[in-house]
There are 2 protein chains.
Amino acid sequence: MAEIADLRTRSVLPIGTVMLLTDLTARQIRYYEAQGLVKPERNAGNHRTYSLNDVDELLEIRSQMADGFTLADVKRLKHPRHREDSDAEVRKVLRDELLNQSRLNQSPDPGPTIGFRQSH
Amino acid sequence: MAEIADLRTRSVLPIGTVMLLTDLTARQIRYYEAQGLVKPERNAGNHRTYSLNDVDELLEIRSQMADGFTLADVKRLKHPRHREDSDAEVRKVLRDELLNQSRLNQSPDPGPTIGFRQSH
DNA sequence: CGCAACATGTAAGTTTTTCTGACATTTACC
DNA sequence: GGTAAATGTCAGAAAAACTTACATGTTGCG
């Protein structure tokens, strides 16, 4: 039973499987790749192949998007440009987010639990 | 990170991924299914979908085949008809196997480590 | 308000993968 | 030599994935 560890790093999952595991559309997954957030490999037939680590990253992105972050935010949070200002960076994004959130929460009926920036 | 436990039982892997993880051909995987040894589900497009448990079962089959067992043996070992004779069953198969092996080992140059019943 | 950027949807055309069914080949065994 | 088991291979059809391009809803801002 070595395949489970392999799956963590081994790129064998096609995009359809990743769609099922993440509840993301192929469009979203490819777009996040175009923005440099995931880097799947390709098989001999030029199809994207993902590892379970990729799936986890996509779940993380999905979570942060659901929290109202923008893709640029997610990218910055994942790749802080300098150690020195990474804290400031994070705090800035979080502050912006809080402001954003409070502004959005002024709207009536914010919905069940997670309401903003959820069109689909 | 709930997808890893899901993968144990959730049928999301297409046959191509299973081929990579098991080093079996699609022909072999489908044949083992036809013999009742694995039971993949089907997606909306009628494509087979496998779980990691299925992958493990296939690896087990592959291992036993490499040991010289026949598919019928594998099937019997997995589904003994009665509790009472399951031991006898196992012993019979193992005895047959030993006889088989010693007979085969009379042939000259048995190959590197595992040599018999390995065509590909 | 209006406009630009962001995120996603959708459609068309092509390539790759998977499907079923049939026939061929190899190997082991009586 | 003949039979059964296991796998290979091929053909035609359906599904999945790819790229490119255009459309749409949403957000932030002057």
Side-chain angles (χ1 to χ4, degrees), chain A residues 11-20 22-37 40-50 58 61-62 64-76 96-97 99-101 103-107 115-120, chain B residues 11-20 22-37 40-50 58 61-62 64-76 96-97 99-107 111 115-120:
Chain A
S11 292
V12 290
L13 308 177
I15 202 169
T17 298
V18 177
M19 291 170 66
L20 292 173
T22 61
D23 276 311
L24 294 169
T25 66
R27 184 68 168 93
Q28 288 174 305
I29 297 169
R30 296 195 192 105
Y31 182 65
Y32 301 162
E33 175 186 356
Q35 303 309 309
L37 289 167
E41 300 182 3
R42 300 287 182 125
N43 69 4
N46 198 38
H47 286 194
R48 290 167 179 83
T49 54
Y50 300 85
L58 287 168
I61 295 170
R62 176 171 162 281
Q64 300 189 224
M65 295 286 285
D67 285 345
F69 288 95
T70 179
L71 270 192
D73 293 339
V74 177
K75 198 170 180 178
R76 274 196 298 272
D96 290 356
E97 171 50 27
L99 292 172
N100 199 25
Q101 191 166 344
R103 191 175 347 121
L104 286 167
N105 282 353
Q106 290 172 350
S107 66
F116 37 99
R117 208 186 269 265
Q118 289 295 83
S119 43
H120 46 290
Chain B
S11 292
V12 290
L13 308 177
I15 202 168
T17 298
V18 177
M19 292 170 65
L20 292 173
T22 61
D23 276 311
L24 294 169
T25 66
R27 185 66 169 95
Q28 288 174 303
I29 297 170
R30 295 196 194 105
Y31 183 65
Y32 301 161
E33 175 186 356
Q35 303 307 311
L37 289 168
E41 299 183 4
R42 300 287 183 125
N43 69 5
N46 198 38
H47 286 196
R48 290 169 178 82
T49 55
Y50 300 84
L58 287 167
I61 295 170
R62 177 170 162 282
Q64 299 188 224
M65 295 286 285
D67 285 345
F69 287 95
T70 178
L71 269 193
D73 293 339
V74 176
K75 198 171 179 177
R76 274 196 299 273
D96 290 356
E97 172 51 24
L99 291 172
N100 199 24
Q101 192 166 345
S102 58
R103 190 173 350 118
L104 286 167
N105 282 351
Q106 291 172 351
S107 66
F116 38 97
R117 208 184 268 268
Q118 286 296 84
S119 45
H120 47 290

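Note that these values count all heavy atoms, side chains included, but never hydrogens, waters or copies made by symmetry. Here is how names work: the chains are called A, B, and so on, in the same order as the sequence lines, proteins then strands, and each is numbered from 1.
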Rounding to a whole Å, what distance do you find between [X]:[atom1] and [N]:[atom2]?
X: A/D73; N: D/dT27; atom1: CG; atom2: P; value: 15 Å
X: B/E33; N: D/dA6; atom1: CD; atom2: C1'; value: 16 Å
X: A/L24; N: C/dG9; atom1: CG; atom2: C1'; value: 14 Å
X: B/L71; N: D/dT7; atom1: CG; atom2: C1'; value: 11 Å
X: B/M19; N: D/dG8; atom1: CE; atom2: C1'; value: 12 Å
X: A/R62; N: C/dT8; atom1: CZ; atom2: P; value: 12 Å
X: A/Q28; N: D/dT24; atom1: CD; atom2: C1'; value: 15 Å
X: B/L58; N: D/dT7; atom1: CG; atom2: C1'; value: 15 Å

List the residues meeting side chain to side chain contact (heavy atoms under 4.5 Å, CB included) with [X], not counting sequence neighbours, and say none if there are none.
X: A/P14; value: A/T17, B/P14, B/T17
X: A/L20; value: B/R10, B/V12
X: B/T49; value: B/S11, B/E41, B/N43

[N] phosphate, OP1 or OP2: any side-chain N/O from [X] under 4.0 angstrom?
X: B/N43; N: D/dA16; result: yes
X: B/Y31; N: D/dA6; result: yes
X: A/T70; N: C/dA7; result: yes
X: A/Y32; N: C/dT8; result: yes

Exercise. What residues, two or more places apart in sequence or in another chain, satisfy side chain to side chain donor-acceptor pair (under 3.5 Å) together with A/R62?
Worked result: none
Exercise. Residues in side chain to side chain donor-acceptor pair (under 3.5 Å) with B/E33, at least two apart?
Worked result: B/R48
Exercise. Under 3.5 Å, is there a donor-acceptor pair between the side chain of B/Q64 and the main chain of B/I61?
Worked result: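 Not a single qualifying donor-acceptor pair exists.
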For this session: Ignoring hydrogens and angles, tell me if any N or O in the side chain of A/K75 forms a donor-acceptor pair with the backbone of A/G36 under 3.5 Å.
Result: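 Side chain of A/K75 to backbone of A/G36: no pair is present.
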For nucleotides 19-21 of chain C, tabulate all protein N/O to nucleotide N/O atom pairs closer than 3.5 Å, reporting atom names and distance.
unit_1 : atom_1 : unit_2 : atom_2 : d
C/dC19 : OP1    : B/R48  : N      : 2.5
C/dC19 : OP1    : B/R48  : NH1    : 3.3
C/dC19 : OP2    : B/R30  : NE     : 3.3
C/dC19 : OP2    : B/R30  : NH2    : 3.1
C/dC19 : O5'    : B/R48  : NH1    : 3.2
C/dC19 : O3'    : B/R42  : NH1    : 3.4
C/dT20 : OP1    : B/R42  : NH1    : 3.0
C/dT20 : OP1    : B/R42  : NH2    : 2.8
C/dT20 : OP2    : B/R48  : NH1    : 2.8
C/dT20 : OP2    : B/R48  : NH2    : 2.6

Exercise. For B/G16 and A/T25, take the nucleotide of DNA chain C holding the closest heavy atom to each; which residue's nucleotide lies nearer the 5' end?
Worked result: A/T25
